[in-house]
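To start, the structure itself, in structure tokens.
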Protein chains: 2
Amino acid sequence: MIEKIHLSILREIDRRGSLTAAAGSLNLTQSALSHTMKKLERQCNINLWLKDGRNIRLTEAGAYLLEQANRLLPQFERIDDTLRQFANNEKGSLRVGMECHPCYQWLLKVVQPFLAQSPGVDIDVKQRFQFGGMAALFNVDIDLLITPDPIQKERIVFEPVFPYELVLVVSRHNNLNGLSHVTPAQLSDQVLLTYPVETARLDIFQQFLLPAQCMPARHKTLESTDIILQMVAANRGVAAMPKWLALDYAKTLPITVIRLGDSGIHKHIYVGYRKQEQQNKHIQTFITLAKNHAQHPD
Amino acid sequence: MIEKIHLSILREIDRRGSLTAAAGSLNLTQSALSHTMKKLERQCNINLWLKDGRNIRLTEAGAYLLEQANRLLPQFERIDDTLRQFANNEKGSLRVGMECHPCYQWLLKVVQPFLAQSPGVDIDVKQRFQFGGMAALFNVDIDLLITPDPIQKERIVFEPVFPYELVLVVSRHNNLNGLSHVTPAQLSDQVLLTYPVETARLDIFQQFLLPAQCMPARHKTLESTDIILQMVAANRGVAAMPKWLALDYAKTLPITVIRLGDSGIHKHIYVGYRKQEQQNKHIQTFITLAKNHAQHPD
DNA sequence: GGCTATGTATGAGAAACATTCATGTATATA
DNA sequence: TATATACATGAATGTTTCTCATACATAGCC
């Protein structure tokens, strides 16, 4: 059976003009090449070349094989090259799952330096999961899960990368505006705007309203952060958002932030990945950049 | 560096679903595959798969390599196949040189059964040579030389394959018509038609006219056998041709043949090839068919 | 024509490599 | 919890490949 070495030898003979010269290029002896090719010739019952004086001249079969060598060997070289890129982490892709709506804004700020630092690595972002982010991570549909609510689970590692405070965002014209903090009861006559997910996954309910057995006057859901904050700005409701995000919007919208409760609700964004891939450099790069960004937000 | 075996192993793992199963198909042990691939991984500093439970799951690099395997391995199989065809003489080509104009008709009758017998073998016929047929044979521009005038030369073998008599072809209305043989002097008042080659290469001159110090009344050259014999039929001249060829044309043209001299000029068509290629089955097949045809002309 | 330089072929032994065996570790399954 | 299954790994083995030494053939040169 034809092996790569046979193709290499033939190509080198063609390039250098003789077995002896080819042996030099290949860091082998003339004898080695001769033996190797003779063995192939015996196996295939074929002549690849005939001695022509003291040189060799390819037979038809030999010429055919040389053609194939010139076609196939560059493909092998290409593969070696690409593999080197993989090894140097110059190539790959990272499928990032998001389970936290406002994190999207934050993600964009991490993705940018990541892409700049790893030009060969693509990032896919997924936000919809058939069975939730954890399942997606487990089933290798994603490589990274960004979530504020890590679930302790074997073979999955979560790392906190970004601490943030969940705050209430209100319009400058809202009656709560100016307070240093709010109590759950103070939301009873407010319209609460949230993303359209189960209340079980909304911290404002789980950690603030429900423990105090309070409820907002109304609960409306909206798909996008932009729209929610536009509505807040128009004093059509209040919303719970990461403080850094709200402050960002506050630069352009007439909104302010208020602490939730005495000491505030403090959370982290976590990045989760399969324990198995602890060595994965893209993942580690991502996490490093994420933590970096947390310390030097722009 | 990536070798064929790595691609084979990856493909088999993909097909069979596990290292162990793949080892079975490849007639190796699970251990062998594991070692082989681990070595590659070390060399390239890359992971091709990760253990996922008790099975393995390809990494991105592994998946990439599998893709390449599915692309390249069939090409190797194709090469093995083609090489087998070369070995079985089901593939190849034979470049035939012709130094003898009338032989062309004869060649066609040998080529036909050859092509039928060796469907994978192509025949190229060359009739013009920069430095003559022998040089072409020597320089490997052709593999076979068909000539009535072999030249003894080292490393070239000539075999007679077809005996024939050179005869004079005349019109039924020619004054020589009906003679049992002609003398050189009898051509002195005839127009001689020949192919346009040096007289040194024309047997009618070399072996018949010149030894008797005779010349025809006129000497005209024409490119093709057909035209020469048409001219002869129209009694515009006479020509020297192989008897078998002339008789063939005599079926449809008003021409007859006359022996040249008392005992006639007897020649052979020879097939020459490089001694080196004595083992070449296409050449031997060709010669066998040629001799065969000589004994059973149709 | 003989001589030398150059190139390929080949047998025997040495070196390198791949393979197996035995065993370890991890995981799924009953 | 026990058992079966799958991959990993170290040591020993077996096979292949390589080198060395040498033979053989040819080209080029005096």
Side-chain angles (χ1 to χ4, degrees), chain A residues 1-10 12-43 46-59 62 138-140 153-156 274-279, chain B residues 1-10 12-43 46-59 62 138-140 153-156 274-279:
Chain A
M1 280 212 311
I2 283 293
E3 294 296 328
K4 204 177 118 186
I5 183 66
H6 300 126
L7 301 180
S8 299
I9 291 175
L10 271 174
E12 212 55 29
I13 288 175
D14 182 53
R15 286 180 172 172
R16 309 289 308 276
S18 76
L19 248 197
T20 307
S25 314
L26 295 169
N27 291 318
L28 288 170
T29 59
Q30 168 269 321
S31 176
L33 304 206
S34 186
H35 278 300
T36 302
M37 297 307 274
K38 261 276 132 49
K39 184 178 172 191
L40 174 67
E41 290 187 329
R42 268 194 304 272
Q43 280 176 345
I46 213 174
N47 278 320
L48 294 175
W49 63 63
L50 300 168
K51 285 195 64 168
D52 184 16
R54 60 187 185 189
N55 294 306
I56 55 188
R57 186 169 43 73
L58 294 185
T59 61
F138 227 86
N139 297 336
V140 202
K153 187 123 175 111
E154 226 181 340
R155 283 183 246 174
I156 301 285
R274 290 176 294 279
K275 195 168 192 173
Q276 209 174 32
E277 308 209 68
Q278 214 138 20
Q279 310 302 326
Chain B
M1 284 217 308
I2 282 293
E3 294 295 329
K4 204 176 117 188
I5 184 66
H6 300 127
L7 301 180
S8 299
I9 290 175
L10 270 174
E12 211 55 30
I13 288 174
D14 182 53
R15 286 181 172 170
R16 307 290 308 275
S18 77
L19 248 197
T20 308
S25 315
L26 294 170
N27 290 316
L28 289 169
T29 60
Q30 169 268 321
S31 176
L33 304 207
S34 185
H35 278 300
T36 302
M37 298 307 274
K38 261 278 134 43
K39 185 179 173 191
L40 174 68
E41 289 188 327
R42 268 194 305 273
Q43 281 177 344
I46 213 173
N47 278 319
L48 294 174
W49 63 64
L50 300 168
K51 286 197 65 167
D52 184 17
R54 60 188 185 190
N55 294 306
I56 56 188
R57 187 169 42 74
L58 295 185
T59 61
F138 228 85
N139 298 337
V140 201
K153 188 124 174 114
E154 226 182 339
R155 284 186 245 174
I156 301 285
R274 291 177 294 280
K275 197 168 191 173
Q276 210 176 29
E277 307 209 69
Q278 214 139 20
Q279 311 301 328

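Just so it is clear: chains get the letters A, B, ... in the order the sequence lines come, proteins before strands, and each one is counted from 1.
Here His35(A) lies parallel enough and close enough to stack on the base of dT10(C), with planes under 30° and ring centres under 5.5 Å apart.
Across the protein-nucleic acid pair, Asn55(B) atom CG and dA8(D) atom C1' stand 14 Å apart, rounded to whole Å. In this entry the distance linking CG of Leu50(B) with P of dC7(D) reads 14 Å, nearest Å. Here dT19(D) presents its P atom at 9 Å from CG of Asn27(A), a figure rounded to the nearest Å. Counting to the nearest Å, the P atom of dG10(D) and the NZ atom of Lys38(B) are 11 Å from each other. Rounded to an integer number of Å, the gap from CD of Glu3(A) to P of dT15(D) is 18 Å. Computed from coordinates, the Leu28(B) CG to dC7(D) P distance equals 15 Å when rounded to whole Å. Following rounding to the nearest Å, Leu33(A) (CG) and dT16(D) (P) show an atom-to-atom distance of 19 Å. Atom CE in Met37(B) sits roughly 19 Å away from atom P in dA6(D) (whole-Å rounding).
Checked by distance alone, Ser31(B) brings a side-chain donor or acceptor within 3.5 Å of a matching partner on the base of dT9(D). The base of dT19(C) has none of its N or O atoms less than 3.5 Å from a complementary donor or acceptor on the side chain of Thr36(B). Remark: the Gln30(A) side chain and the dA9(C) base include a donor-acceptor N/O pair separated by less than 3.5 Å.
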### Task
In sequence, state the C-alpha distance, the side-chain angles, and the governing distance for Leu10(A) and Leu58(A), and then conclude on side chain to side chain contact (heavy atoms under 4.5 Å, CB included).
CA-CA 9 Å; Leu10(A) 271 174; Leu58(A) 294 185; 3.8 Å; yes

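In this model, the phosphate group of dT9(D) is not approached by any side-chain N or O of Ser34(B) to a distance below 4.0 Å at OP1 or OP2. When the side-chain nitrogen and oxygen atoms of Ser18(A) are compared with OP1 and OP2 of dT6(C), none of them lie within a distance under 4.0 Å. Close to dA9(C), at under 4.0 Å from its OP1 or OP2, lies a side-chain N or O of Trp49(A).
Proximity of Val140(A) to Arg274(A): side-chain heavy atoms (C-beta onward) are separated by under 4.5 Å at one or more points. Under the 4.5 Å side-chain criterion, counting only non-hydrogen atoms from C-beta, Lys39(B) is not in contact with His35(B).
Relative to the side chain of Leu19(B), the nucleotides dC7(D), dT9(D), dA9(C) differ in distance, and dC7(D) lies closest.
Of all non-hydrogen atoms in Ser34(A) and Leu19(A), the two that sit nearest each other are CB-CD1, 4.0 Å. Among all heavy-atom pairs drawn from Arg16(B) and Ala22(B), the shortest one is CB-N, 4.0 Å.
In this structure, Lys39(A) and Asp52(A) both approach DNA chain D, and ranking their closest nucleotides by distance from the 5' end singles out Lys39(A). Comparing Thr29(A) and Arg54(A) by the nucleotide of DNA chain D whose heavy atom lies nearest to each, the residue mapping closer to the 5' end is Thr29(A).
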